[in-house]
Number of protein chains: 2
Amino acid sequence: MSRRPVMSDVAARAGVSHQTVSRVLNGHPHVSATTRTRVLAAIAELGYRRNLSARVLATGRSNVVGVVAQNTTLYGPSSMVQAIGEAALGADLSLTVGHVAGYDATAASRRIVERLVQQGAAGLVFIAPVDAAAESMALVPSGLPIVTVDGLPEWEVANVSVDQYAGGMLATRHLLDQGHKTVWHVAGPEQWHGSRAREQGWRAALAEAGAQAPPMPRAGWSAASGYQCGRMLARIPDCTAIFAANDHVALGVMRAMAEHGKRIPDDISLIGFDDVPEAGYFHPGLTTIRQEFAEVGRQALRLLLEQLATGARSAESALVEPVLIGRDTVAARPA
Amino acid sequence: MSRRPVMSDVAARAGVSHQTVSRVLNGHPHVSATTRTRVLAAIAELGYRRNLSARVLATGRSNVVGVVAQNTTLYGPSSMVQAIGEAALGADLSLTVGHVAGYDATAASRRIVERLVQQGAAGLVFIAPVDAAAESMALVPSGLPIVTVDGLPEWEVANVSVDQYAGGMLATRHLLDQGHKTVWHVAGPEQWHGSRAREQGWRAALAEAGAQAPPMPRAGWSAASGYQCGRMLARIPDCTAIFAANDHVALGVMRAMAEHGKRIPDDISLIGFDDVPEAGYFHPGLTTIRQEFAEVGRQALRLLLEQLATGARSAESALVEPVLIGRDTVAARPA
DNA sequence: AGGCGGATTGTGAACGCAAACATGCGTGCC
DNA sequence: GGCACGCATGTTTGCGTTCACAATCCGCCT
């Protein structure tokens, strides 16, 4: 056999017309049981697979949704993709995930969006935790439904995020509640919306308590950068409570503190963000703010399906509440 | 405008035939400069995007490679996907990543493979660290090039893996070299080829040194399961050297040891596997075996491109050498 | 002057499928 | 017994693109 069998090959083999094969394939009514089994048998014998391109071309519908994601080795983004995939399984949707990789993220994401659009994706989900994502969104034809995850309200598209602002407040208040005079914050990268919101939540909680906001060192998301910041903070006697940008940064801070002879939580209380699976096994177990990614995925898909149904873009958005996970790194203020 | 513009719309607007538009789009020669600019202008004005389905249908070529991946929140698999994406950027290939998610991995991966095939993918990459992957590979038509990553030799398809066996030996030898009488191993999940190979490397290194292989507890890949195993090992006085299935398991072990008053590396030497970015910031910094994922990605794409060129499947495979990263969890055997 | 060749453009068909329409046949009802 | 209706199936058309081929135009050689 030289080339892949097509519908008419199956039809010939089963002794019917190609349209009957099509009907069987699509579960249309008005096909007799015997015909159906004959067709099915022919399909199996020939190893026939229908050509999706032809199908999409003929129907004009593709029911695949494209996902544009970057930094997919990070815990947050990879969990998001996973959650969306999980949620899409239920709806009759297929997912095509474009992973933005490489040094030139802008060019790569343009390229991915372009392909997704040309492929006829029914809708697009942007995992857009950084500003750069907005630019490639402009490439999307105006009719196509879009949902962002961790996007910005001013983009005026449907969006779902974890309420990072609330998370920042939660963390800060928890520390303040233990009697700490103020709380230091090791911030995440400036380009990430999440780190900005967490910072604002932190500031708001401090202001609300009448506490002074100390200077704010800035880390990446990595333990390495947390460690660098921690080495500074360890030398500041006033610093007794730290809210770290995420769990890995917190790990770096813990390391720096240990090297400096500062005990956690005795000398310093620490709280992270994310609740990565291993956070409970840090030494000591990390108190942190957990994000419910699965819920975010479900919401994102819900918003997309709504747009698919109405045929119009919406700017509706959803917020998912973070929750505090108490473990061993937070204690009452040292005497 | 009701529907998306098509090639003939562009042609009409530019005052040429649709074929000329096609030529411009595909960079064919023999189009005058003035015509080209007119066409380009019309494309821009109309916001035209070509319909990939139609193109694939007409040409029979798709130049997209499908990636089938699961457990994509784990460090290894997600790094692999990233690396392959990185490598594909160079070649004129697009990537469609299907993430197997959900409770029923078998059904999900069948579905993903099916769609990738129907979509006309030019080749498939299976991130196949577990046996279950083989089953969905059987669904792929025999003509389609396949490359597995972390697959099994007996599958007889092109494969690239990190040499986990060598990694296991490396880790074990390193511990033995410090004077430990033997090395304990906390194994990874049995279904994963990588954990089996690491175990075999461990056994081989022990045998080579004439050391007895102690009983082997089995963990998942998580810190939680490492912790459980660690709680047992901590009570065994003879246990002075541990090779953990991966870094997170090692973290759990560390936690258990600390709770039990065992000091690392003074009482117990420990070595992990993977070199996750934060491994150096565990307390103490974890000595581990690093896998070069970027290299694996490059090799995988190379093998795929070769098959694409020759048009025939190969069973050629490539091994990537792991490397020992020495940090603070390994010390000479306690007196 | 005729025509030849290369550059440029247009025309018709084909890709594989699904939708709309058309056909044939049996059944129930008056 | 004839007619209408519904089921099962076949035929035709079109989706948007590319490919193979045809047609035109221009300059230049013989």
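Note that the coordinates shown come from a computational prediction; the quantities given were computed from them, not determined experimentally. No hydrogens, no waters, no symmetry mates; every other heavy atom, side chains included, goes into these values. Here is how names work: the chains are called A, B, and so on, in the same order as the sequence lines, proteins then strands, and each is numbered from 1.
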Does anything in residues 27-45 of chain A reach DNA chain C, meaning a heavy atom under 4.0 Å, and if so which residues?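 Per residue number, the list reads A:His28.
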Check: residues 133-144 of chain B side-chain donor-acceptor pairs under 3.5 Å, at least two apart:
unit_1   : atom_1 : unit_2   : atom_2 : d
B:Glu135 : OE2    : B:Arg110 : NH1    : 2.7
B:Ser136 : OG     : B:Ala133 : O      : 3.0

Hey, is the side chain of A:Ser22 poking within less than 4.0 Å of OP1 or OP2 on C:dA18, counting only N and O atoms? yes
Does A:Thr20 put a side-chain nitrogen or oxygen below 4.0 Å from OP1 or OP2 of D:dG10?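 Yes, because at least one side-chain N or O of A:Thr20 sits under 4.0 Å from OP1 or OP2 of D:dG10.
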Just by modelled atom types, is the [Y] backbone N or O under 3.5 Å from a matching donor or acceptor in the [X] side chain?
| X | Y | answer |
| --- | --- | --- |
| B:Ser62 | B:Gly120 | yes |
| B:Asn159 | B:Gly151 | yes |
| A:Ser32 | A:Thr35 | yes |

Partners meeting ring pair (Phe, Tyr, Trp, His ring centres under 6.0 Å) with B:His193 (sequence neighbours left out): B:Trp155
Strictly by salt bridge (charged side-chain N to carboxylate O under 4.0 Å, His left out), give each pair with a member in residues 21-30 of chain B just once, sequence neighbours left out. none
Output every pair passing salt bridge (charged side-chain N to carboxylate O under 4.0 Å, His left out) with a member in residues 293-306 of chain B, not counting sequence neighbours, ordered by first then second residue. B:Glu295-B:Arg298, B:Arg302-B:Glu306, B:Arg302-B:Glu316
Nearest-angstrom distance from the residue atom [atom1] of [X] to [atom2] of [N]:
| X | N | atom1 | atom2 | value |
| --- | --- | --- | --- | --- |
| A:Tyr48 | C:dG16 | OH | C1' | 7 Å |
| B:Asn26 | D:dC19 | CG | P | 7 Å |
| B:His18 | D:dG14 | NE2 | C1' | 15 Å |

Identify, with sequence neighbours excluded, every residue that meets salt bridge (charged side-chain N to carboxylate O under 4.0 Å, His left out) alongside [X].
| X | value |
| --- | --- |
| B:Glu86 | none |
| A:Arg196 | A:Asp131 |
| B:Arg13 | B:Glu45 |

According to side-chain hydrogen bond (donor to acceptor under 3.5 Å, both in side chains), does anything in residues 65-76 of chain A pair up with another residue at least two apart or in another chain? List the pairs.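 Checked against side-chain hydrogen bond (donor to acceptor under 3.5 Å, both in side chains) - neighbours excluded - the pairs reaching residues 65-76 of chain A are A:Thr72-A:His99, A:Thr72-B:Gln82.
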Inter-end axis angle, the helix from C:dA1-D:dT30 to C:dC30-D:dG1, with every axis fitted to five base pairs (rounded, 10 degrees):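 Axis angle across the helix from C:dA1-D:dT30 to C:dC30-D:dG1, nearest 10°: 60°.
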Do nucleotides 21-26 of chain D as a string where each nucleotide becomes B, S or -: B if the base has a protein heavy atom under 4.0 Å, S if just the sugar-phosphate does, - if no protein is that close. ------
Side-chain touch A:Val157/A:Val147, heavy atoms, less than 4.5 angstrom: no
Residues within residues 49-62 of chain A bordering DNA chain D, heavy-atom distance below 4.0 Å: A:Leu57, A:Ala58
State, without any angle test, whether A:Thr148 and A:Asp150 hold a side-chain donor-acceptor pair at a distance under 3.5 Å.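 No pair is found: no donor N or O on one side chain lies under 3.5 Å from an acceptor on the other.
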